[in-house]
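So the structure is just underneath, and the comments pick up after that.
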Amino acid sequence: MPTLFPIRPLTPEPELHAANLPDPVGPLAAPSHLKLEQYLPGDVLGGAATAPRLSWEIATAPAGWKATSAELEVTRTDAAGTPLATPEVLPLATADGILAAWPAQPLTSRERVVLRVRVSGSAADDQRETSPTLTSPWSSPVVYEVGLLEPSDWQALPVGPAWPENPLADRRPPRVRREFTLSGPVVAARAYVSAHGLIRAEIDGQRVGADELVPGWTVYGSRIVARTYDVTELLTSRGDGSGSHAVGAQLADGWYRGHIGFDGGYRNLYGDDVAALIQLEVTLADGTRQVIATDSSWKAGVGEILFTDLYDGEKADARLATPGWSAPGFEESGWWPIAVGASDAERLVMPSDAPVRATEVLRPVEVTVMERRTADLNGKVIEISPERLLVDFGQNISGRVRMQVSGAAGQSVTIRHAEVLDGGELGMRTLREAEATDVYTLRGDGLEEWEPAFAIHGFRYVDVTGWPGRADEAKAAIENGALVAVVLHTQMERLGAFAASDERVTRLHENSRWSMRDNFVSIPTDCPQRDERLGWTGDIQAFAPTAAFHYSCTGLLSSWLTDLAVEQKAHGTVPWYVPVIPGGFWTPPTPAAVWGDAATVVPWELYRATADTGLLRQQYDSAKGWVDLVDSLAGEDHVWDCSMQLGDWLDPSAPPEAPMQAMTDPHLVATAFFAHSARIVSQWAQVLDKPQEAAHYGQLADAIGEGFRARYTDGVGHLSSDTQTAYALTIAFDLAGDEERRAVAGKRLAELVEASGGNVATGFAGTPALTAALSATGHAEQAYRLLMETSCPSWLYAVTMDATTTWERWDSMLPDGSINPGGMTSFNHYALGAVAAWLEQVVGGLTPAEPGYRVIEVAPQPGGGLSWAESVHRTPFGWAASSWRTDDDGTLSLDVVVPVGATARVSLPGGKSVRLGHGRHHLSA
Ligand code: BGC
């Protein structure tokens, strides 16, 4: 057996349990977990904001303590970190640690500051007359460095190969390179990197950063992201940095000109070129800055990658590798001249989110040797050769495999990917036309390690052919870690966890979290596996509250929402998916409810979770524009009954090939969402201090409610569509009219659940509202009945069928284990996993009662035979938890953790309610 390379250590996600959370009561701690804007906590390089807002947590403070003031220390430094002036200490306008406004002069491109915070306050709740003011120690410093913000900052031009052949036909991923000399010792260096297509840059033979799929997907016609890297160490690894160096970049088609979309899809969406954009800025010891930017002095060539595509996979022949191609002194024979494109300076932007990264590595849980049967013309098996391996990684992921293999030169290992098995073999049908096949051809000189550089697949299983050696040896090597699965997605901070005494319910929640990981790859996609992976607006509209609980995702979503607004402006409506495929299917987009409502619901739900009013400001026109558009389409009675609607997409009655054929009137659904969005915009306007607009949209929401009732109810509370979705939406969006009719609606919904035998009957529109509508109207029993049901359609049905992610359809897999015959069937769509928000809020019992969890509502409603459940969430103030347990004698004990700065409103099942300050609290009822 070959010696294996160590598996690169990646920190697995931490186990989150209420019992492990530290007690927030203690001596006043220094502010910690400093965050700038909605980036990941810690240092930021290449920031987009000139006045970055600042957030922090206070891990411990004496009971009753409240922050009353906060100060920021700002030290301006050069790129190497040497202070340029004495630190300034400035008061912050807010002291609660939630996105405090920048108090200093706005920053400009490349400016770098080192920041520390401290807070002062006293125990305001203290009964004593005077409680002493306590001032915290200073926080640890964080660095914020601005990226390139002005078009004039950019010298780099897009450079790619001047192909000898037809550019449209040639899909061989090119490389570009150049050498350069630095005239003195290096003190600091930055690389600003972007591309038409995808890029991996290298300096002196070493990879720049660990980001994947750079620059991510945006509406490239308007915005292309550039990422920033500190490359000082790469340039000084062999001395002081002076002398000769090389910079190179491997390129790939990616979203820019790769295969996108179904039914054959599209290519060259944004252009027919592939090009690198690199600007290397090197500060020398004498203070001068040397800039090496992509321009006509670069050369183009190719390497070992023969083909790569996001859907179809990657093919590499290691015999074609040219070691040293990105190091100085490389012989450029056979390289071509470069094609230089027009400047992109106007559309290059700094990111608001973190990059895609490898976040976890999974080992196989089962490796099976598969036989290949060769039959003669009469069908008689004449040869059985054990030469295929089926590998199960135990979890449906987005990512790719990494292999360590040795064998003869020219031998090819082929990896095919799938989410599920179908009759014991890979179920490839769910991929439609995505080939999802990677091929590696060996160099043959010892142990080789390979992982595709630009392909990404949605899979749990792989089928391996061509692995050198006997099948049993290959199986042993793979079991031993020679083939691992690398999980790839946008880096996000883990915020939430939920667990309950029934493992199936815990798994249901985990499945929704995995589907989020697998689909938050630069944009929020529908699925990670088939020839689609688009930013469907309806899916994230349904899932937004759940997403905000699982991970910090405002960075990614605010970038995507920026694009949503760009596309909305271009097309006059919120499209069904963003970015839009220009000229692609369902274009030009037409207004459709549930999908278009992403413009209002997604920012609003993020605001509820994070209190980010900046995001509300950024998206206000978009949200308002959406409601105004629907207002112009709806009739005089405000019923929206004219446009083509996707409605309650994929409710369980919809036939496999007709996902829109739902039980609920699509115009009832559309009008309910219209009312909901108008109400949101009214509240939103209030937050932004626009009283007139708040009143206008409030009145509009009222009028839509009246129109809704006039058209769709009998006046007593019954609906024209006698369906779970119709009642759930009426309750969730407060459309019943009054308490009495709301109670009638709740009762009817509960009856429908009983009548269905506890089976779910909702699709993308109704599912997020269903269980919450029941528990909000006193029918928690029926909500739990739905939750605990295991026959199809139900949430636990998928769990009992070994799902490790949320399925697109209630019956993506049929009870006999076969795949749903519908052409559109995925096992990794997050929308129906929106029930997780109800698990967190009602089963576990943790809800943001005021934006950012400033007031936390702790109101678990135990049921379903569960003996305990808990929700844990890192709120903007810090960790919070609600954890309950019932004893044999029926007493309920509840543990609540409230972070410093927040308060909790706790309601116990018997009706008792208390208000709690920060700390760990134990209650029983
Ligand atoms: C996607 C869905 C999407 C829908 C809308 C599907 O192909 O996968 O999740 O929302 O189309 O038409």
Side-chain angles (χ1 to χ4, degrees), residues 217 259-266 310-311 396 398 419 429-434 458 512 515-516 518-521 523-544 546-547 560 564 567 571 573-581 584-599 601-602 643-652 654-662 664 666 669-670 673 725 762-768 798 805-812 819-834:
W217 194 8
H259 177 189
I260 300 287
F262 47 81
D263 290 341
Y266 302 86
L310 291 166
Y311 291 174
N396 201 14
S398 64
E419 302 179 280
R429 191 164 57 77
T430 71
L431 309 180
R432 293 193 308 222
E433 288 171 47
S512 96
S515 278
M516 172 168 180
D518 298 345
N519 280 298
F520 274 54
V521 178
I523 61 162
T525 62
D526 56 338
C527 58
Q529 77 298 87
R530 68 179 177 224
D531 50 0
E532 197 149 355
R533 313 186 201 178
L534 304 175
W536 286 97
T537 46
D539 304 42
I540 187 62
Q541 184 278 125
F543 192 68
T546 308
W560 178 78
L564 180 144
E567 298 284 33
H571 299 281
T573 179
V574 178
W576 298 6
Y577 57 90
V578 171
V580 168
I581 295 181
F585 45 82
W586 280 322
T587 57
T590 56
V594 185
W595 276 254
D597 293 290
V601 173
V602 177
S643 312
M644 134 104 178
Q645 298 290 348
L646 297 172
D648 195 21
W649 182 260
L650 280 178
D651 89 8
E657 294 303 343
M660 278 181 239
Q661 252 178 56
T664 310
V669 171
F673 270 85
T725 289
T762 52
F764 278 27
T767 298
T805 41
T806 309
W807 295 350
E808 176 175 29
R809 298 170 180 268
W810 293 110
D811 58 351
S812 282
I819 296 172
N820 186 300
M824 183 196 79
T825 297
S826 126
F827 290 84
N828 209 350
H829 257 62
Y830 46 60
L832 300 181

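Both ligands and their constituent atoms are indexed starting at 1 by order of listing.
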For Asn828, the option from Ser515, Ser398, Ser812 that meets side-chain hydrogen bond (donor to acceptor under 3.5 Å, both in side chains):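 Only one of Ser515, Ser398, Ser812 forms a side-chain hydrogen bond (donor to acceptor under 3.5 Å, both in side chains) with Asn828, namely Ser515.
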Residue from Arg429, Glu808, Arg809, Glu419 passing side-chain hydrogen bond (donor to acceptor under 3.5 Å, both in side chains) with Thr825: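 For Thr825, the side-chain hydrogen bond (donor to acceptor under 3.5 Å, both in side chains) check succeeds only for Arg809.
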Whether Trp576 and Trp536 hold their rings parallel, tilted or perpendicular, with breakpoints at 30° and 60°: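 If you compare the ring of Trp576 with that of Trp536, the planes turn out tilted.
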Reported OH-to-CD distance for the pair Tyr577 and Glu567, which is rounded to 0.5 angstrom: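 CD of Glu567 is found 9.0 Å from OH of Tyr577.
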Side chains of Ser826 and Arg530, donor plus acceptor under 3.5 Å: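 No, no side-chain donor-acceptor pair sits under 3.5 Å.
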For ligand 1, the residues whose heavy atoms come within less than 4.0 Å (ordered by chain, then number):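 The answer is Asp526, Arg530, Glu532, Trp536, Asp539, Trp586, Trp595, Leu646, Trp649, Phe764, Glu808, Met824, His829, counting any residue whose heavy atom sits under 4.0 Å from ligand 1.
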Whether Thr537 side chain and Trp595 backbone form a donor-acceptor pair below 3.5 Å: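 Present.
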